[in-house]
Protein chains: 2
Amino acid sequence: MPPATETAVPPRAVRLRADATRNRERIVAAAREALVELGPDVPLDEVARRAGVGNATLYRHFTDRAELIRQVTLSVMARTVKRAEDALAQEPDAFAALSRFVFEAADERIGALCPLLSDVFDRQDPAVASQVEQMQRSISAIMERAQSAGQLRTDIAVGDLMVAVTQLTRPLPGTCCAGFDRFVRRHLQLFLDGLRAPACSVLAGDAATLEELQARQ
Amino acid sequence: MPPATETAVPPRAVRLRADATRNRERIVAAAREALVELGPDVPLDEVARRAGVGNATLYRHFTDRAELIRQVTLSVMARTVKRAEDALAQEPDAFAALSRFVFEAADERIGALCPLLSDVFDRQDPAVASQVEQMQRSISAIMERAQSAGQLRTDIAVGDLMVAVTQLTRPLPGTCCAGFDRFVRRHLQLFLDGLRAPACSVLAGDAATLEELQARQ
DNA sequence: TCGGAAACGGGGATCGTTTTTCCGTTTCCT
DNA sequence: AGGAAACGGAAAAACGATCCCCGTTTCCGA
């Protein structure tokens with residue numbers, strides 16, 4: 001009987017104190033912003049500073065950088081799924097649902113999901129894998145509805161959408177361009193216009209799902 | 001009148017040895033690639049390694065990081081201007097010229113021009129300023145021809161194009177996704193499709209030139 | 001071909017930054 | 001109110017980048 005008992009479920013073994021939960025959430029939120037702004041090598045002290053907590057608190061909650069990034073990723077995916085489901089349920093027009101989701105995904109800092117594609121991650125992690133799958137499903141639903149309605153070109157897939165939105169919304173390094181956000185909105189809109197059916201070009205290569213993106217490494 | 005003036009022109013005062021020029025070019029090329037891949041904080045040792053030279057050689061040629069980045073920027077701008085002029089001159093169709101330029105700009109690692117927008121640069125630098133202006137002119141020419149031909153929407157400007165292409169072509173951090181290039185091509189094509197006139201949406205905000213982008217900081 | 005000088009490469013000292021640990025103090029729960 | 005959990009700041013340790021030194025190699029002109 002290996003030490004399954006003590007290592008299996010550390011997180012919810014004991015109820016966290018109220019301030020501890022609050023701080024933990026603050027840290028994840030701050031890390032999300034800092035990660036997209038400063039990149040994956042952002043100093044953890046910077047994250048702590050933005051969260052308004054001491055650096056020791058950060059290390060108390062997350063054993064290392066990888067664990068923090070993992071939590072940020074899970075959190076962003078959960079919020080993204082929520083947004084996708086809401087957009088699909090609430091928007092009558094199929095392409096309007098897609099547009100709304102794209103802009104909201106930008107607000108949710110979907111760019112923070114970059115690490116999913118890189119090597120920081122344990123691809124076997126069940127929590128991550130299931131979230132990815134769920135996200136794939138909810139976004140696919142939006143896209144397929146728009147494609148069925150003849151409003152969205154059919155030669156693209158979830159991977160195209162996610163990667164392009166991620167790219168377009170990443171802050172330029174070293175830039176704190178005021179009004180850059182408005183600029184980003186313009187580019188997202190232009191990209192969305194390019195997604196409309198009937199397509200006025202043919203795309204080379206294959207559309208890719210998220211799983212394929214991760215797999216091809 | 002051979003080397004009469006040694007005071008006026010420090011750079012070309014003495015002819016560089018053959019291997020020295022070769023190494024210098026290698027370093028600039030390696031720095032261009034490394035900058036887009038690893039970001040503006042890439043270790044200079046990494047640049048030297050990629051260039052296949054010792055780190056001392058790098059420091060011998062460039063006094064510091066800023067000077068190296070400056071040279072990379074100048075080099076990329078020069079190559080980009082060349083590509084823009086060629087595309088305009090050689091492509092009969094106005095939109096085809098724009099498309100060709102976009103893909104070639106991606107090949108030229110236009111993403112390496114990010115520092116232009118950040119604070120690393122002396123905005124008074126005459127060499128840089130004149131190159132920026134020239135680039136603005138040559139790309140404007142392509143866009144205006146396409147707009148006059150009714151093929152390109154009129155609510156965008158050079159700044160939109162350059163920033164969006166930069167964003168779409170940046171490598172994802174930590175990723176050495178094989179076949180990512182083909183992916184990027186697809187996204188550029190989608191974006192280009194969104195640029196076509198007649199536009200199927202209205203863009204918020206104003207189109208921006210490169211100078212405005214730099215100015216608003 | 002040869003001598004001298006320019007350029008090179010690797011290694012290591014120095015410096016700044018990031019991570020990690022420690023401990024006295026504060027906050028929360030019962 | 002008491003005790004434990006959590007906190008913050010700051011110092012110590014670890015890390016990595018920059019920069020310089022010096023023996024060796026490469027190029028150029030005679």
Side-chain angles (χ1 to χ4, degrees), chain A residues 6 9-31 33-72 115 119-120 173-174, chain B residues 2-3 6 9-31 33-35 37-72 115 118-120 173-174:
Chain A
E6 64 221 5
V9 188
R12 287 297 91 81
V14 289
R15 264 258 306 289
L16 242 44
R17 233 170 65 178
D19 53 344
T21 341
R22 183 163 24 86
N23 280 332
R24 191 187 167 90
E25 279 161 16
R26 274 192 197 172
I27 291 173
V28 172
E33 302 300 320
L35 276 173
V36 289
E37 274 179 50
L38 288 321
D41 295 329
V42 56
L44 296 187
D45 274 26
E46 170 68 14
V47 173
R49 197 187 58 73
R50 290 183 181 217
V53 305
N55 52 6
T57 300
L58 195 154
Y59 286 100
R60 213 169 285 120
H61 282 290
F62 306 95
T63 59
D64 58 4
R65 172 181 299 273
E67 176 59 14
L68 174 60
I69 291 184
R70 179 170 169 277
Q71 293 299 336
V72 169
D119 46 9
V120 245
Chain B
E6 66 258 8
V9 187
R12 291 294 93 83
V14 289
R15 265 259 307 288
L16 244 43
R17 231 171 65 178
D19 55 342
T21 12
R22 183 164 25 86
N23 280 333
R24 191 187 166 90
E25 278 160 18
R26 273 192 197 173
I27 292 172
V28 172
E33 301 300 322
L35 277 173
E37 273 180 50
L38 288 323
D41 295 329
V42 56
L44 296 188
D45 276 24
E46 171 67 15
V47 173
R49 196 186 59 74
R50 291 183 181 215
V53 304
N55 53 5
T57 300
L58 194 153
Y59 286 100
R60 214 171 285 121
H61 283 290
F62 306 95
T63 58
D64 58 5
R65 173 183 295 274
E67 176 59 14
L68 174 61
I69 290 184
R70 180 172 168 276
Q71 293 299 338
V72 169
S118 74
D119 44 9
V120 203

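The chains referred to below are lettered A, B, ... by the order of the sequence lines, with proteins before strands, and numbering in each begins at 1.
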* Asked: Just how far, in rounded Å, is C1' of D:dA6 from CZ of A:Phe62?
  -> 14 Å
* **Nucleotide nearest B:Tyr59 when distance is taken to its side chain, options C:dC8, D:dT18, C:dT20** => D:dT18
* Return the value, rounded to whole Å, for the distance between atom CD1 of A:Ile27 and atom C1' of D:dG8. => 12 Å
* Asked: Between B:Leu58 (CG) and D:dT18 (P), how many Å, whole number?
  -> 10 Å
* Gap separating the CD atom of A:Glu37 from the CG atom of A:Leu35, nearest 0.5 angstrom -> 10.0 Å
* To do: May I ask you to test the B:Arg65-B:Leu68 pair for a side-chain heavy-atom distance under 4.5 Å?
  => no
* To do: Produce a footprint string for nucleotides 9-16 of chain C: one letter per nucleotide, 5' end first; B if the base is under 4.0 Å from any protein heavy atom, S if only the sugar-phosphate is, - if neither.
  => BBB-----
* Asked: Over how many whole Å does the gap from B:Arg65 atom CZ to D:dA17 atom P extend?
  -> 9 Å
* Asked: With sequence neighbours excluded, what pairs up with A:Ala48 under the side-chain contact (heavy atoms from CB on, under 4.5 Å) test?
  -> A:Val53, A:Asn55, A:Leu58
* Would you mind classifying the nucleic acid contact of B:Arg49 as base, sugar-phosphate or nothing, using non-hydrogen atoms under 4.0 angstrom? => nothing
Identify each atom pair where a protein N or O and an N or O of nucleotides 12-15 of chain D are less than 3.5 Å apart, giving names and distance.
none

* How many Å lie between CG on A:Leu68 and P on C:dT19, as a whole number? -> 11 Å
* To do: State whether B:His61 places a side-chain N or O below 4.0 Å from either non-bridging phosphate oxygen (OP1 or OP2) of C:dC8.
  => yes
* **Sidechain-backbone polar pair: A:Thr21 side chain, A:Arg17 backbone, donor-acceptor under 3.5 Å** => yes
* **Non-hydrogen atoms of B:Val47 and B:Ala34 that approach each other most closely** => CG2-CB, 4.1 Å
* Asked: Are the side chain of A:Arg24 and the backbone N or O of A:Phe62 linked by a donor-acceptor pair below 3.5 Å?
  -> no
* Asked: Does any non-hydrogen side-chain atom of A:Tyr59 lie less than 4.5 Å from one of A:Leu44?
  -> yes
* What does the inter-axis angle of the helix from C:dT1-D:dA30 to C:dT30-D:dA1 come out as, five pairs per end, nearest 10 degrees? -> 40°
* For A:Glu46 and C:dT17, give me the distance from atom CD to atom C1', rounded to whole Å. => 13 Å
* salt bridge (Lys or Arg N to Asp or Glu O under 4.0 Å) contacts in which one or both residues fall within residues 40-49 of chain B, not counting sequence neighbours -> B:Glu46-B:Arg49, B:Glu46-B:Arg50
* Whole Å only: how far is the CG atom of A:Asp64 from the P atom of C:dT20? -> 7 Å
* Asked: In whole angstrom, what separates A:Leu44's CG from C:dT17's P?
  -> 16 Å
Are there any protein N/O atoms within less than 3.5 Å of an N/O atom in nucleotides 28-30 of chain D, and if so, which ones and at what distance?
from	atom 1	to	atom 2	distance (Å)
D:dC28	OP1	B:Ala18	N	2.9

